[in-house]
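Protein chains get the first letters and strands the later ones, always in sequence-line order, with residue 1 at the start of each.
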Number of protein chains: 2
Amino acid sequence: MGRGGSSSSSSNSLVLDSERGELVRAPTKLGQKVISEGKSLAALKSHSEAERRRRERINSHLDTLRSLVPCTDKMDKASLLAEVISHVKELKRTAVEASKGFVIPMDIDEVRVEPHEDGVLGGPFCIRASLCCDDRPEILPNLREALEACKLETVKVEISTLAGRMKNVFVMTGCKEENSDDTEVRRLLMSSVHKALRSVLDKIPTSSEFSPRIMLPNKRRRISLFDSSSSSS
Amino acid sequence: MGRGGSSSSSSNSLVLDSERGELVRAPTKLGQKVISEGKSLAALKSHSEAERRRRERINSHLDTLRSLVPCTDKMDKASLLAEVISHVKELKRTAVEASKGFVIPMDIDEVRVEPHEDGVLGGPFCIRASLCCDDRPEILPNLREALEACKLETVKVEISTLAGRMKNVFVMTGCKEENSDDTEVRRLLMSSVHKALRSVLDKIPTSSEFSPRIMLPNKRRRISLFDSSSSSS
DNA sequence: AGCAACACGTGAGCC
DNA sequence: TGGCTCACGTGTTGC
């Protein structure tokens, strides 16, 4: 990284011919002197050509990156690279924790509601809501009911059980009529979903057989996905 | 994209001072002439400085990418970009069909049982079983019951509904006492799981209360994730 | 010696 | 007009 080039050599007499883009020798009286002083003509030419090829290689790769990452059609190089970086990070995140596949229930109760990073498709508007709690099969109907209250459509649910704990992950999307771009609407929806899950979590009996569930108009409990009786196995 | 720079201007007398890297005027007799001929000194200086900052920005992003993509520590720029490209492509591939995760129910009934490619964790022995059929909530208890008969532990279930169709994906693992390496045992287990799912599928009333199997789900039914309106009790 | 990869300054063009 | 991005040719360094 020699910052300062050592010296000038600014006035050798090699110039670029304006017509053909080829290197020629400038009209001068001291022909041999100049030639001996600089590199040979052929050397300079091949050098610049090699450099041109190198640039083309790099720019070609930049172009394919541009075609791979959306909305970068008219970005400058630096911004394009920045966008590539964030895309790689995002893809990595979702890939690691979904290709791995298993949703693993943790030991602490938890309610999480967040935008579902689609990563690829700029979908309408997705929420990823998860509830981690004790493995109580009877909470599933409650969950469903609570989520139905929100004006969202559940497109996917993922349930994992492990060692008496369970984690439920819901992916939901808003009605298309609502403006997905309105962040205020999003925040409101997510907040209501969060409250719904929270209420379900709070209603879980810590040890009793079954809870005094009054709220339900009809007694449609059950659908215990699996494991309706004993927790293990 | 003017390929050939238009002309030479090769012998203006601005040179780079070897010590400080600053632009100075070369010792010459025709001072004013030279200055008036080119841009002002300050202009040239700010220009080269801006260009330097631009390069630094780009190279900084390149470095970040290098840290993000493995095994690129000593690659040249072009190869690094090529590697970034292939990584983005690969991440995208797995992201669309795994992380994005939506299991999309198809129009044909289907039972599939296969070893669960873990991808990351070399687990004990996992089976991925899926059943695609009409969206009949009452099949869930049947499913559970049928799968309980097999000596497997369900670690994850994933349910997607779309346009009156549903797809259930189960990830199950065998008891640890059984030898996971025994391919014969595996085949046996998978076969029994397959039979179980098959039996559930066959039990689905094709037309209990409605026209059986019109080819197209022209009728958009509700997405009731696990609607329990019927079934037990 | 040659080749490859880099940083640099500079002209051109575009807001 | 200045600020910017880009492509170009060149000097330099390491193999």
What nitrogen or oxygen pairs link the protein and nucleotides 3-5 of chain C at under 3.5 Å?
from, atom 1, to, atom 2, distance (Å)
dA5(C), OP2, R57(A), NH2, 3.1

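- Taking atom CZ of residue R52(B) and atom C1' of nucleotide dC6(D), one finds them 18 Å apart after rounding to whole Å.
- Residue I58(A) contributes atom CD1, which lies 13 Å from atom P of dC6(D) at whole-angstrom precision.
- Ion pairing of R54(A) with E51(A) is present here, as a side-chain N (NZ or NE/NH1/NH2) and a carboxylate O approach within less than 4.0 Å.
- Applying the salt bridge (charged side-chain N to carboxylate O under 4.0 Å, His left out) rule to E114(A) yields the partners R112(A), R128(A); only residues at least two apart in sequence or on another chain are considered.
- Residue R55(A) has a polar side-chain atom (N or O) positioned under 4.0 Å from OP1 or OP2 of dC8(D).
- Going from atom CG of L41(A) over to atom P of dG2(C) covers 14 Å, rounded to whole Å.
- The salt bridge (charged side-chain N to carboxylate O under 4.0 Å, His left out) test applied to R53(B) returns no partner, not counting sequence neighbours.
- Taking K195(A) as the reference, nothing meets the side-chain contact (heavy atoms from CB on, under 4.5 Å) condition, with sequence neighbours excluded.
- With sequence neighbours excluded, no residue forms a salt bridge (charged side-chain N to carboxylate O under 4.0 Å, His left out) with D76(A).
- Scanning for side chain to side chain donor-acceptor pair (under 3.5 Å) contacts around K77(B) gives N59(B), with sequence neighbours left out.
- Contact annotation: N59(B) reaches the phosphate of dA7(C) (side-chain N/O to OP1 or OP2, under 4.0 Å).
- For residues 66-75 of chain B, proximity to DNA chain C is found at no residue, defined as any non-hydrogen atom under 4.0 angstrom from a strand atom.
- T72(B) meets the side-chain contact (heavy atoms from CB on, under 4.5 Å) test with R66(B), V69(B), M75(B), L80(B), E83(B); sequence neighbours excluded.
- Listed by chain and residue number, D202(A) satisfy the salt bridge (charged side-chain N to carboxylate O under 4.0 Å, His left out) test with R198(A) (two or more places apart in sequence, or in another chain).
- The interatomic distance linking K45(B) (NZ) with dG3(D) (P) rounds to 14 Å, in whole Å.
- Atom CD of E56(A) and atom P of dC8(D) are 7 Å apart (whole Å).
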